[in-house]
Amino acid sequence: MNSQVVTNPEDIARLYRELSLFPSLSRADVGPVVTSQYGGKYSNIYTEWSQRDLDRNENVNFCRQYIVFHDDKSVVYSGASGNCTEIKGELQSKDSPSGDMKAVVRECTIKGEDKQFLEIWSKNIKMKSINLTALKKHGKVYEDDQFGCLVWSHSETHLLYVAERKRPKAKSFFQSESPELSSIGDEEETVSSEEKETVKGEQFVFHEDWGEGLVGKSCPVLCVLDIEGDNVSVLEGVPDNISPGQAFWAPGDTGVVFVGWLHEPFRCGLKFCPNRSSSLYYVDLTGGKCEQLTSGTSAVSSPRLSPDQCRIVYLECAVFGPHMQCSRLCMFDWYTKKTSVVVDVVNRPGEDGFTGIYSSQLSRQCWSADSQRVIVSCPQRSRKDLLMVDTSTGSVTSLTSKSDVGCWCLLNIERDLMVVSCSSPNCPPRLRVGFLPPRDSQEELVWVTLEDSQMLPEIDWQILTFTPPPEQDNSQYPGLDFEALLIKPKEVKDGVKLPLIVTPHGGPHSVFVADWFLYSSVLCRMGFAVLMVNYRGSTGYGQDNILSLPGNVGTQDVKDVQFAVESVLKGDEFDMQKVAVSGGSHGGFLACHLIGQYPGFYKACVSRNPVTNLASMIGSTDIPDWCMVEAGFDYTTDCLPDPAVWEQMLNKSPIRYVTQVQTPVLLTLGEDDKRVPSKQGIEYYRALQAKKVPVRLLWYPGNNHSLSKVDAESDGFMNIALWIIQHLWK
Ligand SMILES: CC(=O)N[C@@H](C)C(=O)N[C@@H](C)C(=O)O
């Protein structure tokens, strides 16, 4: 075998173990400015990281702090202040604005019972520990990014968070009565208030939740802890037809601003679906009156209050339609109550190259100190860049497009000190800080690395651009191009042609940006080239690119991937007899389509939680609208099965081509997948078995659509690598 590919399982496992050590950055907070007696200024940077622990079979979260000496506009000196500390049981935490206190929502098990506490720490003392579970004011606290928040009031006397609405205790009609005696009178029997609230016949009522990644999250409520009074109240006034989240204190702490998602007539999956009908609301704490601040005809997310507490920026996109779209950056003026569009949707990138804003989540803090600019990190074609938006003029300036780093994520900005994570396909995440230059200044932005990571010299990467041939142009959206990331070993022995693994992304409206990818890095270190295709329909290239795909899935996207593969195979770098395809979700849909539409071209196929039959998916997925939209139909909540629609869906699905499949297929399924139910993979598995096509199915209990738990991710990788080796060199 004239190749340089690592094939020994133990060697592969060693490579995986080595590269899986690199942690990812999940959070950074900037502490207050401290001035020393000599006039020197410094701030503490608190960071949180996540790292795979293969031995404990879990993702370990830890924090590390740094100190940055500065003069309010440049970094003078910086360094770590102490080593890492593992974080256990902390669902959420947040320092108070002054830095004097820290709030922690902690989950722990006491005598076999899960309990949640809200802790207030000050200096070296845990001042308070409020047993939220015992208070019975609400259900579990939300720790997710979709709804969750933990926000200090500007006065630092109250804390705002989101929890599940309290549900009355349910019992059977046939459960024997066991009244609780109270202390009042020895004869008198007083049933506790909880017993009074108990309802019969409700034990098995279905409570729909917000779907994949939000299982069990059904009816969020806004909760406020009065720190001095030690009491928790559930905010009233929130309309019954919405689910509130992403809340923060209004100017002067007069009330609370939040996003409300419409949950009538029913909830659809919300994760990766910022296109759900939603509005900004304000509930006034004194009168309890709730006011809708935005129209209610769109989908909004990520409201962020300016430091001068005068304006709120937020993201907006259309309701239903493609799940990820080009967003508008909008602004609500607190005093005029007027909304305005700061950055509009970009249908086609202009001369300046700006392709639009593609983000479902602004960083927790994104405003400049002057309350004039907003920093957004979002995909721009196959890169992820930091964009500075002037909210007065709407101008957009990239702060990082000239960098050789492919992926920049804004973690936080405080008093113009930005904290970012930056990475590339050959460089794991690094932690950097830098001051945003004053508005209209020509000063250069200087980045200082607080935590470096090692560049992997063995990995080479580049971005390739493709223009579909005329016969594949989209007549409704003509002239669109697309890209792919090509990752390959830097050193190739003479005479060796590289085996190629083609990986189209999922979504389909998402994008591969030039980030650090564990799977691609290990495969590259094993000796494979990896082609990560951003076919037409990807985000980051303009709204027209996105809109070109719905109705054309199974053809346009498939042809784009095949065109990219055949284009790179024209060179003599790659062995066209050793090409594999691998994808997840919609990427799995494409992988199955490619082996069905190009029989024998791919020598191995890996399909993770794949969409295999749109017609059978629509009745079981948490995103039924996705099936209609991607098949080219409008969706309404009262739409019913229609044979003609199902026929179209079937015709656009990979299951339709299964009779042509020759390529051995490895399927990996998550048992708890609400997005693409595992029955999709099993349907395809059975069809292949019936055709006696070599097929292997891996089933991961406790895993959902992301297949991202340490067991599924690591075992999945080993099986994928060995499956590809087995069938490329048989
Ligand atoms: C962009 C994105 O992820 N879209 C979601 C609706 C989604 O989950 N799509 C599934 C089908 C997938 O991951 O491809």
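Just follow the structure's listing: the first ligand is 1, and inside any ligand the first atom is 1.
Geometric assessment of Lys217 against the ring of Phe147 yields a negative cation-pi assignment under the 6.0 Å and 45° thresholds.
Applying the side chain to side chain donor-acceptor pair (under 3.5 Å) definition to pairs two or more places apart or across chains, those involving residues 626-635 are His509-Glu630. Listed by first then second residue, pairs satisfying side chain to side chain donor-acceptor pair (under 3.5 Å) with a partner in residues 701-717 read Arg52-Glu713, Glu212-Asn704, Ser585-His705, Asp673-His705, Tyr700-Asp715, Asn703-Asp711, Asn704-Ser706, Ser706-Ser708, Asp715-Asn719, not counting sequence neighbours.
There is a side-chain donor-acceptor pair under 3.5 Å between His505 and Tyr535. Residues Ser301 and Gln361 have side chains that never bring a donor and an acceptor to within less than 3.5 angstrom of each other.
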Protein N/O near ligand 1 N/O, under 3.5 Å, which pairs?
unit_1, atom_1, unit_2, atom_2, d
ligand 1, 4 (N), Gly507, O, 3.2
ligand 1, 8 (O), Arg675, NH1, 3.0
ligand 1, 9 (N), Gly507, O, 2.9
ligand 1, 13 (O), Ser585, OG, 2.7
ligand 1, 13 (O), His705, NE2, 3.1
ligand 1, 14 (O), Gly507, N, 2.6
ligand 1, 14 (O), Ser585, OG, 2.6
ligand 1, 14 (O), His586, N, 2.9

Please set out all donor-acceptor pairs under 3.5 angstrom arising from side-chain atoms of residues 661-671, sequence neighbours excluded.
unit_1, atom_1, unit_2, atom_2, d
Thr663, OG1, Tyr602, O, 2.7

